[in-house]
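Please read the structure below before turning to the comments.
First the proteins, then the strands, lettered A, B, ... as listed; each starts at 1.
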2 protein chains.
Amino acid sequence: MRNKQATIQDIAKTLNITASTVSRALNDHPKIKKSTKELVWATAKKLNYQPNTIASSLRKGKANTVGMIVPRINRHFFSNVITGVESILNPAGYNLIICQSEESIEKEKMNINTLIASRVSGILISLSLESTKYEHIKHAIRNNIPVVLYDRICDELDVCKVENDDVSGSYELTRHLIEQGYRKMMWIGGTRQLNTYTNRFAGYSNALAEIGIDAEKLPIFEGSISLETAYEFMKTYLDENPLPEVIVSASDYMAMGAIVAIQEKGLRIPEDIAISGYSNEPFAGLINPKLTSVEQFSKEMGQETARLLLGQISSEIPSKVKQKIMIRPKLIVRESTIKSKIIKSI
Amino acid sequence: MRNKQATIQDIAKTLNITASTVSRALNDHPKIKKSTKELVWATAKKLNYQPNTIASSLRKGKANTVGMIVPRINRHFFSNVITGVESILNPAGYNLIICQSEESIEKEKMNINTLIASRVSGILISLSLESTKYEHIKHAIRNNIPVVLYDRICDELDVCKVENDDVSGSYELTRHLIEQGYRKMMWIGGTRQLNTYTNRFAGYSNALAEIGIDAEKLPIFEGSISLETAYEFMKTYLDENPLPEVIVSASDYMAMGAIVAIQEKGLRIPEDIAISGYSNEPFAGLINPKLTSVEQFSKEMGQETARLLLGQISSEIPSKVKQKIMIRPKLIVRESTIKSKIIKSI
DNA sequence: AACAATAATGCAAACGTTTGCATTAATTTT
DNA sequence: AAAATTAATGCAAACGTTTGCATTATTGTT
């Protein structure tokens with residue numbers, strides 16, 4: 001009944017050769033005769049042989065598995081990064097174990113531990129919102145597991161990093177707003193402890209500085225990056241304060257919350273108040289009005305991240321210089337920040 | 001330099017006991033003295049011992065790993081199912097390997113093979129659009145790997161299944177439309193080879209039959225479930241045909257495409273033409289007008305799926321009866337199908 | 001035909017756990 | 001205090017590969 005999996009030994013017995021020869025044949029070792037290889041391959045097929053990755057990993061001391069930690073899988077940005085990573089790693093023979101930190105440092109620690117226990121060949125990680133200490137990550141590094149940080153990075157760790165050029169993305173966006181003639185801006189975004197939000201604010205601030213405006217003196221709201229937070233805040237803010245000309249949001253979700261609040265007051269976008277988002281979520285081009293945002297090339301980011309990791313894995317001596325890659329984002333101008341409404345696009 | 005990982009043997013040597021005792025101590029075996037356990041745990045900590053899951057899996061013949069195949073990870077529905085699965089599997093000590101079939105049966109086959117090679121304890125799978133033959137899945141079953149199908153299932157396979165009650169979801173939706181007074185309906189959806197779309201159409205058809213209308217005689221459009229497909233189709237359709245009173249879409253994305261086309265013609269929703277979607281994507285509550293849709297409880301589906309699998313894994317004798325779980329969806333009525341526009345909700 | 005050189009295969013240990021059975025230590029019973 | 005019982009630990013094999021080194025088979029050289 002319980003038809004056990006065929007092993008390398010079974011093949012060996014059938015052909016009256018040793019397991020070593022079979023192993024080498026299967027791995028296309030140059031010292032094995034072509035005829036033998038073909039015999040082995042044929043019987044492997046006949047016996048329905050499936051290589052046992054676990055045994056192989058144990059012997060080799062390494063699993064052909066890579067661990068990837070994301071804050072949340074159901075964010076388009078992250079799921080696309082995952083797709084990018086897979087598109088490089090799978091062809092290279094690696095499997096991905098995906099873990100969610102759910103923005104909690106405790107979960108992140110647990111994730112790291114299971115990944116170490118699984119003897120993964122490498123770890124890709126985007127930090128949780130709570131991560132200010134990095135002992136757990138250093139722990140992985142001490143265990144000689146190559147680590148690559150992507151998107152949400154930190155300076156303290158000396159590892160390869162793939163980053164979005166948030167400063168420049170936000171700068172370009174703000175330049176566009178300035179060109180449209182907007183001056184009275186307002187910033188809404190996540191707390192600036194995360195590099196992404198610090199940098200987006202920096203780009204915004206830099207562009208404004210060029211025309212002599214101090215961003216810190218304009219209205220600023222920082223909170224959790226959710227639709228609800230922004231909606232609740234804006235609902236009261238709009239009543240009690242002079243209207244800004246444009247709301248610059250560090251997140252599409254926050255922008256969306258603001259839009260709902262604005263429209264509930266009967267205000268028009270962009271005529272009464274303009275608004276921009278960030279990261280070009282799929283809904284950005286669908287809502288009314290279509291939302292100006294910044295495309296982050298998440299899939300490409302995943303690919304670069306995976307490539308860096310592969311480089312680290314294959315180099316036996318950990319290279320002294322840790323690479324850092326910047327992904328250049330792209331401004332997507334849509335209706336929500338256009339003074340003269342000419343453009344039509346999805 | 002290359003400080004090798006501590007093993008069970010290292011702990012044993014330090015304490016002058018055997019590896020077996022250490023192993024049992026670590027696994028909290030009842031026959032090990034409490035004092036010994038505490039010694040072992042202490043030195044394990046001191047030596048920074050990390051259990052080697054690979055060795056353990058090899059010895060036990062099974063990995064504490066579960067494979068999960070999804071068509072696409074960047075669909076909210078699927079990423080939420082994943083989250084649900086993890087919420088059950090991780091506490092039970094299992095890791096998830098996630099694979100994307102990208103709607104291709106070839107990829108699906110490859111996925112199955114890597115999962116078999118990884119000796120996963122079980123496989124969760126939602127079929128790709130192309131999957132009409134199931135040899136590869138039977139192959140996994142023959143290898144004694146428990147399989148659970150979720151969402152996109154098929155009758156041919158005798159395994160546990162978790163299904164959305166699409167018939168009832170679509171039926172409720174159509175009842176609501178009928179109550180609103182709509183009669184001239186139009187169906188747009190994916191090709192009816194997939195159970196989900198067949199069933200959604202069935203629910204629609206059933207409800208209409210009750211009031212003496214033959215759904216097959218109303219306009220029907222079937223195509224790939226994407227925004228673009230629906231948009232392109234609707235753009236010309238609306239010009240050349242009498243307007244339906246309501247468009248019933250089997251997918252939020254297709255509904256969105258239709259909405260864009262409708263609004264470009266200067267038509268108002270729901271006054272000139274109403275529209276509904278399915279599966280309650282996050283944008284459904286955000287767009288203008290807010291889209292009536294059907295919530296599928298994806299996270300719960302993931303949890304049920306995981307529970308079924310755990311049941312299969314723990315029962316040594318494969319139970320004859322394969323369970324089937326139905327998840328009841330919930331109609332979410334929003335502006336896009338309300339004749340009298342009273343309701344205000346996000 | 002004898003030898004050297006190379007090609008192909010075999011041997012056996014190792015990777016780090018787990019586990020049935022055997023053994024020894026500690027406790028209870030008579 | 002010896003025997004019987006139970007508790008605690010040890011022994012050794014096994015899981016299925018991989019791989020350095022040894023051995024045998026094959027080919028080429030003189």
Whole angstroms only, please: what is the [atom1]-[atom2] distance between [X] and [N]?
| X | N | atom1 | atom2 | result |
| --- | --- | --- | --- | --- |
| B:D28 | D:dT9 | CG | P | 13 Å |
| A:N16 | C:dT9 | CG | P | 13 Å |
| B:H29 | C:dT17 | NE2 | P | 17 Å |
| A:I8 | C:dT9 | CD1 | C1' | 14 Å |
| A:N52 | D:dA14 | CG | C1' | 13 Å |
| B:D10 | C:dT17 | CG | P | 9 Å |
| A:I32 | D:dT26 | CD1 | C1' | 15 Å |
| A:K33 | D:dA25 | NZ | C1' | 8 Å |

I want to verify a distance call: between [options], whose nearest atom is closest to the [X] side chain?
| X | options | answer |
| --- | --- | --- |
| B:Y49 | C:dC15, C:dT17, C:dG10 | C:dT17 |
| A:A55 | D:dT19, C:dT17, D:dT17 | D:dT17 |
| A:R59 | D:dT9, C:dA13, C:dG16 | C:dA13 |

Does a side-chain N-to-carboxylate-O contact under 4.0 Å join [X] and [Y]?
| X | Y | result |
| --- | --- | --- |
| A:E156 | A:K138 | yes |
| A:E102 | A:R72 | no |
| A:E135 | A:R142 | yes |

With a 6.0 Å cut-off (strictly less than), is the heavy-atom count around CD of B:E103, excluding the residue itself, greater than 12?
yes
> Do you know which of A:D151, A:N195, A:T196 makes side-chain hydrogen bond (donor to acceptor under 3.5 Å, both in side chains) with A:N164?
Replying inline: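 Result for side-chain hydrogen bond (donor to acceptor under 3.5 Å, both in side chains) with A:N164: A:D151.
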Heavy atoms, side chains only, cut-off 4.5 Å: are A:V70 and A:S101 in contact? no
Distance-only, no hydrogens or angles: does the B:T305 side chain make a donor-acceptor pair with backbone N or O of B:M301 under 3.5 Å? yes
Assign each of A:T21 and B:T21 the nucleotide of DNA chain D bearing its closest heavy atom; nearer the 5' end lies the nucleotide of B:T21
Between B:K60 and B:K34, whichever has its closest DNA chain D nucleotide further toward 5' is B:K34
> Does A:T18 put a side-chain nitrogen or oxygen below 4.0 Å from OP1 or OP2 of C:dG10?
Replying inline: yes
Less than 4.0 angstrom between a side-chain N/O of A:S23 and OP1 or OP2 of D:dT19, yes or no?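 No, because none of the side-chain N or O atoms of A:S23 sits under 4.0 Å from OP1 or OP2 of D:dT19.
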Tabulate atom names and distances for all N/O pairs under 3.5 angstrom spanning the protein and nucleotides 20-22 of chain C.
| unit_1 | atom_1 | unit_2 | atom_2 | d |
| --- | --- | --- | --- | --- |
| C:dG20 | O6 | B:R24 | NH1 | 3.4 |
| C:dG20 | O6 | B:R24 | NH2 | 3.2 |

Taking any heavy-atom pair under 4.0 Å as a contact, classify B:I54: base, sugar-phosphate, or nothing.
nothing
Across the strands shown, which category fits B:T36 at heavy-atom distances under 4.0 angstrom: base, sugar-phosphate, nothing?
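Sugar-phosphate, no base atom in range.
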